[in-house]
Amino acid sequence: DADKSIIKLKENTQLTIQRFDSEESVFKVWAGRIWMRMIRLKYGNMRTSIHTPTAVAGLRGTEFATGVWLDGTSDFFVFEGALGIREVNQTEEILLNNGFKTRVFSGQSPNAPEALTNEDFSQWQEGKPVEEKPEEEAKKERKELGWQAIYGATMIDGKLYYQVGFLPELKFWRFGLGLDLSLYFDEDGNIRKDDWKVQNKILYLRYGEKEKGFYTRIGSLPEVTLGHGFIMNQYTNMLYYPSTKTIGLEASWDGKRGGFNAVLPDVDEAKLVGGRVYGKFGWFNLGATCVSDSKPATKTTVYGCDVELPLPHNIKLYGDVAKIDKYGMGFAAPGLLAKIFGADFRLEYRNMESDFIPAYFDTFYEDARMKKIGSLTSNGERTKGVFSGLSYKFFNTISLGLAYESYSKKDPSLFLGCGLVKKIGNLNAFSVSLYRREAKPLFSDFNQPNTMWRVVADYQLAGPVSAVYTYKVNYDENGVSYPSSSLSTKISF
């Protein structure tokens with residue numbers, strides 16, 4: 001250019017100049033690395049923007065660099081001036097100032113800015129090539145296509161079946177598709193009739209990521225929580241999977257001024273439906289939630305509202321109030337969410353009428369719905385106590401989850417989970433979880449009513465072949481145990 005503006009391209013870079021004149025310049029970087037110094041922008045009013053597969057950057061300075069990885073992930077470096085950067089499908093923008101860098105993944109807001117290092121300056125300004133991502137990091141971030149073959153034995157509805165199938169997961173841009181191409185044979189070689197249904201082969205189809213713009217998912221719903229979980233907390237439509245495969249629908253949108261969450265766990269029946277809307281009003285957030293079960297025998301509606309006050313240092317104060325229609329009311333306030341020494345911590349005080357149940361729609365709702373509706377009787381008393389939760393990762397290897405409830409006039413409840421975050425030796429994965437509701441004592445007599453144990457172990461045998469063992473035992477309200485186990489072989493491609 002006559003004004004001595006400079007654009008440098010690394011080898012194998014794909015760049016499209018969509019417009020370049022005295023008023024505006026628009027560049028599209030498809031892949032590779034570029035470095036730019038825009039003199040006209042420094043001394044004039046020319047608008048300049050850079051587009052990548054995942055981000056849009058508006059120049060507010062003169063010297064910067066950008067790099068685009070094979071999966072579309074984009075890096076931005078500012079050496080002079082500033083950039084206004086947003087994810088390509090979002091409207092909220094961050095300002096990247098002189099001496100800082102950021103990375104933008106597909107479907108996610110730009111990462112928090114980080115200061116440039118001496119290595120960053122030398123790589124870009126001295127013309128040195130930028131190293132590609134380490135193979136393990138690139139592989140972890142892309143995961144565009146994954147295949148698993150599985151065969152073995154499992155119990156479904158108390159009957160032994162032999163399973164043979166593939167479990168592919170495909171990812172493209174912001175879309176994800178999971179399939180369950182399994183067949184189950186009984187001892188006589190007959191295939192379960194339900195396995196012929198095409199809809200039972202779709203595990204899920206999703207678009208976007210939760211809490212990052214627009215998100216929707218159809219099929220299996222592993223975990224759904226509305227707001228702080230005072231009404232619906234970690235609900236799943238996969239409680240009886242694979243004996244029962246339910247197609248559900250979940251959608252959410254999180255914007256600058258507010259958003260919504262909606263869930264329809266069973267599209268065929270459409271008996272259970274829930275949703276939440278919320279607004280962001282400067283220094284506080286306000287939300288309203290309603291979940292309704294219209295099945296005649298368990299007809300229930302729970303509704304409520306919540307307020308949240310975000311504070312510095314990843315701390316949030318909140319309060320929830322909810323009522324079960326025609327029954328009792330309860331509130332959780334004050335509530336605290338915080339990150340302490342790397343651990344996610346939650347604590348709230350609860351005050352409830354005797355015919356109110358917090359987190360009415362929880363993980364085990366599909367199994368306990370008859371019992372719950374039958375327990376909604378009032379004795380005129382109030383229940384008071386605390387709910388606390390903690391999750392932590394030790395050395396990025398072991399994860400720990402803990403939830404504890406203790407109320408007046410009730411025995412305490414406990415959830416405890418522990419598992420591997422990454423592979424150790426030949427052990428790909430291992431987890432143990434215990435759930436006990438209103439049990440006393442908590443840490444002994446583990447075969448008492450309302451207790452569930454679950455153990456999962458994935459052990460590498462040779463090459464891509466591993467053995468997966470799952471054991472689960474439930475104790476009903478009478479203390480009768482219902483154990484189940486499965487051993488299968490998995491092949492990962």
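In this structure, Ala332 and Phe230 approach most closely via the heavy-atom pair CB-CE1, 3.7 Å. Heavy atoms only, all atoms of each residue included: Ala322 and Val302 are closest at CB-CG1, 4.5 Å. Taking each heavy atom of Leu226 and Gly274 in turn, the nearest pair found is CD1-C, 4.3 Å. The shortest heavy-atom contact between Leu400 and Cys418 is CD1-CB, 4.4 Å. Residues Ile324 and Ile357 share a closest heavy-atom pair of CD1-N, 3.6 Å. Taking each heavy atom of Met352 and Phe331 in turn, the nearest pair found is CG-N, 4.5 Å.
Counting heavy atoms from C-beta on, the side chains of Tyr459 and Ser466 never come closer than 4.5 Å. Two residues are said to be in side-chain contact when any heavy atoms from C-beta on lie closer than 4.5 Å; Lys323 and Tyr303 meet this criterion. Using a 4.5 Å cut-off on side-chain heavy atoms (C-beta onward), Tyr435 and Ser433 make no contact. Looking at Leu416 and Arg436, their side chains never come closer than 4.5 Å, going by heavy atoms from C-beta outward. You'll find the side chain of Phe100 stays beyond 4.5 Å of the side chain of Val78, heavy atoms only. Within the 4.5 Å cutoff, side-chain heavy atoms of Phe76 are placed close to those of Thr52. No side-chain heavy atom of Phe361 sits less than 4.5 Å from a side-chain heavy atom of Asn233. For the pair Asn351 and Tyr349, the minimum side-chain heavy-atom distance is below 4.5 Å.
Proximity of a side-chain donor or acceptor of Glu353 to a complementary backbone N or O of Met329 within less than 3.5 Å is detected. A donor-acceptor pair is defined here as one N or O able to donate and one able to accept, closer than 3.5 Å; such a pair exists between the side chain of Lys280 and the backbone of Gly255. Remark: the backbone N or O of Val468 is not paired with any side-chain donor or acceptor of Asp458 at under 3.5 angstrom. Side-chain N or O atoms of Thr236 include one that pairs as donor or acceptor with a backbone N or O of Met238 at under 3.5 Å. Between the side chain of Thr383 and the backbone N or O of Ser354, no donor-acceptor pair lies under 3.5 Å. The backbone N or O of Ala112 lies less than 3.5 Å from no partner atom in the side chain of Arg103, so there is not a single donor-acceptor pair. In this structure, Ser408 contributes its side chain and Lys384 its backbone to a donor-acceptor pair below 3.5 Å.
Checked for salt-bridge contact, Asp266 and Lys295 miss the test: no charged N lies under 4.0 Å from a carboxylate O. A salt bridge links Lys372 and Asp362; the closest N-O separation between the charged side-chain nitrogens and carboxylate oxygens is under 4.0 Å. At a threshold of 4.0 Å, the pair Lys101-Asp75 does not count as salt-bridged, since none of the basic side-chain nitrogens sits closer than that to a carboxylate oxygen. The pair Arg206-Glu250 does not meet the salt-bridge criterion, since no charged nitrogen lies less than 4.0 angstrom from a carboxylate oxygen.
Annotation: Arg346, atom CZ; neighbour count of heavy atoms from other residues, nucleotides and ligands within 6.0 Å is above 12. Other residues, nucleotides and ligands contribute over 12 non-hydrogen atoms within 6.0 Å of the NZ atom of Lys423.
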Verdict with supporting geometry, Leu337 and Leu317, side chain to side chain contact (heavy atoms under 4.5 Å, CB included): CA-CA 7 Å; Leu337 289 170; Leu317 293 177; over 6 Å; no
Evaluation steps, side chain to side chain contact (heavy atoms under 4.5 Å, CB included), between Leu116 and Phe77: CA-CA 8 Å; Leu116 294 175; Phe77 306 77; 3.5 Å; yes
Side chain to side chain contact (heavy atoms under 4.5 Å, CB included) between Cys290 and Thr301, worked out: CA-CA 7 Å; Cys290 182; Thr301 298; 3.9 Å; yes
Verdict with supporting geometry, Ile424 and Thr397, side chain to side chain contact (heavy atoms under 4.5 Å, CB included): CA-CA 8 Å; Ile424 297 181; Thr397 302; 3.5 Å; yes
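Rounding to the nearest 0.5 Å places CZ of Phe105 at 14.5 Å from CZ of Arg174. Between Glu405 atom CD and Phe387 atom CZ the span is 5.5 Å, to the nearest 0.5 Å. With values rounded to the nearest 0.5 angstrom, Ile202 atom CD1 is found 8.0 Å from Ile218 atom CD1. Residue Leu376 holds its CG atom at 12.5 Å from NZ of Lys326, rounded to the nearest 0.5 Å. Taking CG of Leu95 as the reference point, atom CG of Leu83 lies at 8.5 Å (rounded to 0.5 Å). Atom OG of Ser399 sits about 8.0 Å away from atom CG of Leu420, to the nearest 0.5 Å.
Side chains of Asp293 and Thr300: no donor on one and acceptor on the other come within 3.5 Å. When only modelled atom types and interatomic distance are considered, Asp355 and Thr377 share no side-chain donor-acceptor pair under 3.5 Å. Inspection of the Thr102 and Asn111 side chains reveals no N or O donor paired with an N or O acceptor under 3.5 Å. A donor-acceptor contact under 3.5 angstrom links the side chains of Tyr407 and Arg350, judged on distance only. Side-chain contact, Glu348 with Tyr318: a donor N or O sits under 3.5 Å from an acceptor N or O. Using a 3.5 Å distance cut-off with no hydrogens or angles, the side chains of Glu308 and Asn285 do pair a donor with an acceptor. Side-chain atoms of Tyr278 and Asp254 include a donor-acceptor pair closer than 3.5 Å. Residues Thr225 and Glu223 bring a donor and an acceptor atom of their side chains to less than 3.5 Å of each other.
Checked against the 6.0 Å centroid threshold, Tyr365 and Tyr360 count as a close aromatic pair. Side-chain rings of Phe430 and Tyr469 stay apart, their centers remaining 6.0 Å or farther from each other.
Ring planes of Tyr207 and Phe214: tilted class, angle from 30 to 60°.
Partner of Val104 under the side chain to side chain contact (heavy atoms under 4.5 Å, CB included) criterion, chosen from Ile85, Thr66, Ile94: Ile85.
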